[in-house]
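Please read the structure below before turning to the comments.
Quick note: numbers below take in every heavy atom, side chains included, and nothing from hydrogens, waters or symmetry partners. This structure is a prediction, so every number in the text was calculated from the model and none was measured. Here, residue 1 is the first one in the sequence, and each next residue gets the next number.
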Amino acid sequence: MKALKLFSDKTYSLIDMEEPPIHDKEILIKLGACGICGSDIGNIFADSCKPSINLGHEVTGTIVKVGAHFKKNKLEGKRIFVNHHAPCNNCHYCIHGNETMCEKFVNNIFPCGISEKIVLSEWIIKTKSFFELPDSMSFEEGSMIEPLACCIRGWKKVPFIKNDSILIFGLGPIGILYAMLAKTYGASPIYCVDINQSRLNFCKKMNLGICIDGNTSEGNRLMYMTEKRQPDLIIIATSDMTVIKKSIDIIRKGGTILIFGEPQKNIKVNVDINKIYSKEIDIKTTYAATNKEIHEALYLIKIKKIDVNKIITHRYNITQSKDALENAHRRDEVIKAIIINK
């Protein structure tokens, strides 16, 4: 079978390997689809603050083999989405709502998400971290469950009242999903900021909000543009952490800044603590999602409340995985790239 392998020197290649064996309490799936995440791009082309050698985690597929512990006729053939990591729900972190800090919250699929066959570990099974897809949901739609769930978990961390104003820095898949959620929840106005013109045009066509080119004089006038209605919430959905300083200036007094974008390793930002203190700005960070948010995301996609098909712009066969990653990195016209296994 074929799998995409990332090496220690950051080179990556589609390799041929033997189908991995499964133990009694493990499950083997055939890949249906796997989304390319910004963290995959960061692990290859940048110096991620949360490095990983496993490429791909937004996984759907079909169960093709089960361990001796399971009844074959009950599981084999089922179409599923996999949450690749799950907390214990019992440790100090978990009981304080910090499940993603749990020591058990680590990747539990092998060899990676961009692989023709994938083993789900005993931990994935034990924590019920795989979910049957409705017949109406394609593998590609299902692969969007994980990124949407991550956005939902972030949203839960911030105070929000209908008609609050929101500004989003970064219009990749996560920024767009946040804008879609904001629209669904009744935010107004919604400011969408990016320096990539194709992404701005994409969001304009989707009518997601007031689209602002952060690389022009318009971007320099952000403070003026938002003066009459300063944002109640700013979501940083980009790895460019320099926007934190701008966010501190733009956010209303008592507002919240949510950092979602994954910073590069050892990034430093010089901020004015006096402004944060005197404006009583609340700064929060968010990372990944738990099974609670997975359930919510699956439902929103199922009922078409969030139409994730609008975001998927490029589809690649697994044999084209390297091209998919390189094109996603360049960002030219690519919003969301999906690896499919035909």
Side-chain angles (χ1 to χ4, degrees), residues 33 35-39 58 60 81 133-134 136-138 140-194 196-214 231-238 256-262 284 286-289 292-315 328 331 333-338:
I36 292 178
C37 176
S39 63
E58 301 169 359
T60 58
F81 162 81
L133 293 177
S136 60
M137 190 180 297
S138 69
E140 295 166 38
E141 290 174 303
S143 69
M144 294 295 295
I145 291 171
E146 196 271 350
L148 179 57
C150 293
C151 294
I152 291 171
R153 184 171 183 267
W155 198 278
K156 289 179 178 178
K157 292 187 173 189
V158 300
F160 175 77
I161 298 173
K162 188 176 181 180
N163 293 321
D164 274 356
S165 172
I166 292 179
L167 186 147
I168 301 165
F169 280 111
L171 300 178
I174 292 298
I176 293 173
L177 284 172
Y178 265 122
M180 294 171 80
L181 282 172
K183 199 169 182 179
T184 298
Y185 295 153
S188 181
I190 303 169
Y191 299 99
C192 301
V193 185
D194 204 296
N196 184 294
Q197 197 58 50
S198 65
R199 294 193 169 193
L200 286 166
N201 291 337
F202 187 88
C203 290
K204 286 176 183 177
K205 289 178 182 177
M206 287 185 68
N207 193 30
L208 290 178
I210 301 168
C211 296
I212 300 170
D213 187 342
D232 298 285
L233 168 64
I234 292 179
I235 298 172
I236 297 176
T238 171
T256 302
I257 298 171
L258 179 69
I259 301 174
F260 185 107
E262 185 177 291
K284 295 181 179 290
T286 187
Y287 166 71
K292 290 179 287 187
E293 291 80 40
I294 295 295
H295 278 291
E296 294 173 45
L298 193 156
Y299 178 72
L300 288 177
I301 294 173
K302 177 184 176 181
I303 65 172
K304 304 293 184 183
K305 192 78 171 179
I306 301 294
D307 187 356
V308 293
N309 279 312
K310 292 181 177 179
I311 300 178
I312 302 170
T313 56
H314 291 70
R315 296 162 175 83
R331 303 204 312 170
E333 307 299 328
V334 178
I335 301 297
K336 185 66 175 182
I338 303 285

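Considering CG of L258 and OH of Y178, their distance stands at 5.0 Å, rounded to 0.5 Å. Note that the CD1 atom of I166 and the CG atom of D232 stand 8.0 Å from one another [nearest 0.5 Å]. Expressed to the nearest 0.5 Å, how far CE of M144 lies from CD1 of I311 amounts to 4.5 Å. Expressed to the nearest 0.5 Å, how far CG of N309 lies from CD of E140 amounts to 7.5 Å. For the atom pair D307 CG and E141 CD, the distance stands at 7.0 Å (nearest 0.5 Å). Distance CG/L200 to CG/D194: 5.5 Å, rounded to 0.5 Å.
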Check your understanding: Could you go step by step and tell me if I168 and L208 meet the side-chain contact (heavy atoms from CB on, under 4.5 Å) rule?
Key -> CA-CA 11 Å; I168 301 165; L208 290 178; over 6 Å; no
Exercise for review: Kindly indicate, with the supporting measurements, whether the criterion side-chain contact (heavy atoms from CB on, under 4.5 Å) is fulfilled by K336 and I176.
Suggested key: CA-CA 10 Å; K336 185 66 175 182; I176 293 173; over 6 Å; no
Point to revise | Step-by-step side-chain contact (heavy atoms from CB on, under 4.5 Å) determination, K284 to T286 | key: CA-CA 7 Å; K284 295 181 179 290; T286 187; over 6 Å; no
Practice item. Give the C-alpha distance, both sets of side-chain angles, the deciding distance and a yes or no for side-chain contact (heavy atoms from CB on, under 4.5 Å) between K310 and I335. Key: CA-CA 10 Å; K310 292 181 177 179; I335 301 297; over 6 Å; no
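Looking at every heavy atom in both residues, I174 comes nearest to A237 through CG2-CB, 4.1 Å. Considering every non-hydrogen atom in both L167 and P231, the closest pair reads CB-CG, 3.9 Å. Of all non-hydrogen atoms in I338 and A33, the two that sit nearest each other are CG2-CB, 3.8 Å. Heavy atoms only, all atoms of each residue included: S138 and L133 are closest at O-CD1, 4.3 Å. Residue R199 comes nearest to G172 through the heavy atom pair NH1-CA, 2.9 Å, listed as atom of the first residue, atom of the second, then distance.
Put simply, the side chain of T60 never gets that close to the backbone of S143: no donor and acceptor are under 3.5 Å apart. Judged purely by atom type and a 3.5 angstrom limit, D164 has no side-chain atom pairing as donor or acceptor with the backbone of A187. Judged purely by atom type and a 3.5 angstrom limit, T238 has no side-chain atom pairing as donor or acceptor with the backbone of F169.
For K183, the NZ atom sits in a packed shell: over 12 heavy atoms of surrounding residues, nucleotides or ligands are nearer than 6.0 Å. The number of heavy atoms from other shown groups lying within 6.0 Å of OH (Y299) does not exceed 12. Atom CD of E333 has 12 or fewer heavy atoms from other residues, nucleotides or ligands within 6.0 Å.
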Please list, one pair per line, the donor and acceptor atoms closer than 3.5 Å that link side chains of residues 147-162 to other protein atoms, with sequence neighbours excluded.
{"from": "R153", "atom 1": "NH1", "to": "Y287", "atom 2": "O", "distance (Å)": "3.0"}
{"from": "R153", "atom 1": "NH2", "to": "T100", "atom 2": "OG1", "distance (Å)": "3.4"}
{"from": "K156", "atom 1": "NZ", "to": "E293", "atom 2": "OE2", "distance (Å)": "2.9"}
{"from": "K156", "atom 1": "NZ", "to": "E296", "atom 2": "OE2", "distance (Å)": "2.6"}
{"from": "K157", "atom 1": "NZ", "to": "T285", "atom 2": "O", "distance (Å)": "2.9"}

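Annotation: salt bridge (charged side-chain N to carboxylate O under 4.0 Å, His left out) contacts of K204 (sequence neighbours excluded): none.
S198 places none of its side-chain heavy atoms less than 4.5 Å from the side chain of V334.
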